[in-house]
Amino acid sequence: MRILAIETSCDETSAAIIERGENGRMHCVTNVIATSLALHSQTGGIIPEVAAREQAKFMVPVIKEALQDTPIDSIDAIGVTYGPGLIGSLLVGVEAAKTLAWVWNKPIIPVNHLYGHIYANWLSEIAPQESDFPALALIVSGGHTDLVFMENETSLRWIGGTRDDAAGEAFDKSGRLLGLSYPAGPTIEKYAKSGHKGVFTFPRARLDTPYDFSFSGLKTAVRNEVQKLQSQGDLTEPMTYDLCYALQEAIFDMLIQTTFMAAEDLNVKTILLGGGVTANQTLTERFRAVATEHNLAFFSPERKFSTDNAAMIGAAAIMHNTPLPWEELRANPELYFD
Ligand code: KG4
Ligand code: ZN
């Protein structure tokens with residue numbers, strides 16, 4: 001099976017060709033990503049209108065580049081993200097996919113962006129196998145933090161998530177307080193490497209619903225500490241590194257504690273991560289170490305497939321191959337888990 005996949009849910013414009021051969025292995029032939037991040041880093045966050053305008057310009061050249069030497073006749077279907085995300089951005093990808101499905105007379109496979117983050121794991125050399133299930137997937141992205149129980153490769157049952165900010169948002173909003181440009185996650189990871197343990201400690205939220213998360217209190221605690229240090233004239237560069245260390249540890253402790261508690265309750269064999277925050281090497285190393293302690297298998301997407309990309313949408317389209325007539329497809333910015 002060969003898929004042309006399209007992803008435009010946030011600020012990336014991406015197209016990919018993904019195949020699944022006789023042996024069941026996925027293969028990423030091309031994965032082209034154009035981003036308007038440079039524009040957003042100047043404004044401290046994504047302005048939806050700006051993102052969508054750039055995507056409308058990027059869409060056709062990105063698809064053309066992804067197609068490269070792939071004959072159109074050899075494409076079986078078009079997979080496209082139809083939600084969740086920014087409506088203007090989603091519409092660019094969805095309408096492009098519908099146009100191609102009509103002109104080329106191909107089926108269209110609607111893909112939930114969040115499924116894409118999970119199935120990014122299937123693009124690796126060593127992908128999850130049937131024997132790795134039941135599994136627990138944790139999605140940590142800029143817009144979402146969700147725990148999903150997977151009885152098998154294709155069944156996804158949401159069991160918990162954030163009540164306020166997403167994990168990536170906690171990085172981005174705290175980073176903004178520290179004067180870091182958007183997205184702050186990668187900079188905080190870098191600064192945390194030079195930070196020291198024990199200089200600052202931020203609270204770990206505990207909720208009465210055991211599989212949920214909350215990160216908004218952390219942001220408030222960071223704001224208070226930053227204001228205090230600024231008023232004393234003490235917010236030096238080394239202090240910023242120590243703050244980044246403490247902030248990152250607080251986020252990761254909360255993610256680890258809740259995920260492994262759920263893993264034990266649900267008796268899973270495997271932990272799967274997905275989403276942009278998994279680009280953070282400290283996070284994946286910590287999860288891998290705890291998974292090993294608990295005797296659980298562990299998967300995290302390759303770095304190039306962790307932040308938004310169309311390859312993961314192609315993988316999800318292959319795993320959840322439920323085509324629609326193109327006339328029936330609508331973007332759904334509020335889409336979530338069933
Ligand atoms: O999955 P993604 O590309 O977009 C959404 O679907 O939201 O995730 C983007 C998020 C941003 O919040 C960004 O700060 C975070 O992923 N991120 C990181 C790192 N790289 C990206 N967070 C922590 N450490 C990183 N190295
Ligand atoms: Zn995403």
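In each ligand, atom 1 is the first atom listed, and ligand 1 is the first ligand listed. Counting from 1, the numbers follow the sequence of the chain as shown.
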Problem set entry | Y115-F337 aromatic ring centre distance below 6.0 Å | yes
Exercise. What is the nearest protein non-hydrogen atom to atom 17 (N) of ligand 1, stated with its residue, atom name and distance?
Worked result: G276 O, 3.6 Å
For this session: Can you label the angle between the F171 ring and the F252 ring as parallel, tilted or perpendicular, going by 30° and 60°?
Result: tilted
For this session: Could you tell me if any non-hydrogen atom of Q281 lies under 4.0 Å from any atom of ligand 1?
Result: no
Exercise. If every non-hydrogen atom of H320 is compared with every non-hydrogen atom of T154, which pair is closest and at what distance?
Worked result: CE1-O, 3.0 Å
Seminar exercise, completed: protein heavy-atom neighbour closest to atom 7 (O) of ligand 1 works out as G142 N, 2.8 Å
Exercise. Considering only heavy atoms of P183, which atoms of ligand 1 have at least one such atom less than 4.0 Å away?
Worked result: 13 (C), 14 (O)
Seminar exercise, completed: Atoms of ligand 1 under 4.0 Å from any heavy atom of T307, numbered from 1 in the order shown, are 3 (O)
Problem set entry | contact_flag E12 ligand 1 heavy-atom lt 4.0 Å | no
Exercise. Does the pair K219 and D165 meet the rule for a salt bridge (charged side-chain N to carboxylate O under 4.0 Å, His left out), with working shown?
Worked result: CA-CA 9 Å; K219 182 185 57 197; D165 295 341; 3.0 Å; yes
Problem set entry | Heteroatom N/O/S of C10 within less than 2.8 Å of the Zn ion (ligand 2) | no
Exercise. With a 3.5 Å cut-off and no angle check, do the side chains of Y211 and D265 form a donor-acceptor pair?
Worked result: yes
Exercise. Parallel, tilted or perpendicular: which describes the rings of H113 and H117, with under 30° parallel and over 60° perpendicular?
Worked result: perpendicular
Exercise. Nearest 0.5 Å, what's the OG-CE distance between S155 and M150?
Worked result: 7.0 Å
Seminar exercise, completed: Here the pair of heavy atoms bringing P110 nearest to I108 is CD-O, 3.7 Å
Problem set entry | Shortest-distance N, O or S atom of D308 relative to the Zn ion (ligand 2) | OD1
Exercise. What protein heavy atom sits nearest atom 24 (N) of ligand 1, and how far off is it?
Worked result: N280 ND2, 3.1 Å
For this session: Using a strict 4.0 Å cut-off to heavy atoms of G143, name the atoms of ligand 1 that fall inside it.
Result: 7 (O)
For this session: Please determine which of L273, I126, I271 meets the side chain to side chain contact (heavy atoms under 4.5 Å, CB included) test together with F299.
Result: I126
Exercise. Which atoms from ligand 1 have a heavy atom of H117 less than 4.0 Å away?
Worked result: 1 (O), 6 (O)
Exercise. In H117, the N, O or S atom nearest to the Zn ion (ligand 2) is which?
Worked result: NE2
Exercise. Where is the nearest protein heavy atom to atom 18 (C) of ligand 1: which residue, which atom, and how far?
Worked result: G185 CA, 3.7 Å
Exercise. Strictly by modelled atom types, are T209 and R163 linked by a side-chain donor-acceptor pair under 3.5 Å?
Worked result: yes
Problem set entry | atom 26 (N) of ligand 1 [closest protein heavy-atom partner, distance rounded to 0.1 Å] | E189 OE1, 2.8 Å
For this session: Could you tell me the residue and atom name of the protein heavy atom closest to atom 11 (C) of ligand 1, and the distance to it rounded to 0.1 Å?
Result: D172 OD2, 3.5 Å
Exercise. Considering only heavy atoms, does H113 approach ligand 1 within less than 4.0 Å through its side chain, its backbone, both, or neither?
Worked result: side chain
Problem set entry | Those atoms of ligand 1 less than 4.0 Å from some heavy atom in G168 | 12 (O)
For this session: Would you name the heavy atoms of G88 and A52 that are closest together and state the gap between them?
Result: C-CB, 3.8 Å
Seminar exercise, completed: min-distance protein heavy atom vs atom 2 (P) of ligand 1 -> D308 OD1, 3.4 Å
